[in-house]
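Each remark here refers to the structure printed beneath this line.
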Amino acid sequence: MNIKKIMEAVLKTVDDNNQRLLIQHNGHLTKAISTANTPAEEDDIALFERQLGHRLPKDYRSFLLEYNGAHIY
């Protein structure tokens with residue numbers, strides 16, 4: 001499964017407040033918050049790749065262009 005599909009699956013599980021209810025192994029309920037960042041710009045990714053001296057993997061570039069990171073709890 002690629003990164004984009006994983007993010008889509010995670011973000012489908014949250015409510016309007018980016019929260020989801022988790023049932024822990026001991027039966028306790030907790031709320032978790034998952035958010036995605038705003039997309040990265042192609043120019044910023046290209047600059048980073050030049051500084052790094054390598055091209056990022058295709059899936060990771062797609063993830064950055066779509067979400068540019070996320071907080072998944």
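- Separation of atoms OH (Tyr60) and CD1 (Ile45) is listed at 9.0 Å; rounding is to 0.5 Å.
- For Glu42, the salt bridge (Lys or Arg N to Asp or Glu O under 4.0 Å) criterion is met by Arg61, not counting sequence neighbours.
- The hydrophobic clustering, which links ILVMFWY residues whose side-chain heavy atoms are closer than 4.5 Å, places Phe48 and Tyr67 together.
- Listed by chain and number, the residues in a side chain to side chain contact (heavy atoms under 4.5 Å, CB included) with Asp43 amount to none (sequence neighbours excluded).
- Under the side chain to side chain contact (heavy atoms under 4.5 Å, CB included) criterion, Asn37 pairs with Asn68, His71, sequence neighbours left out.
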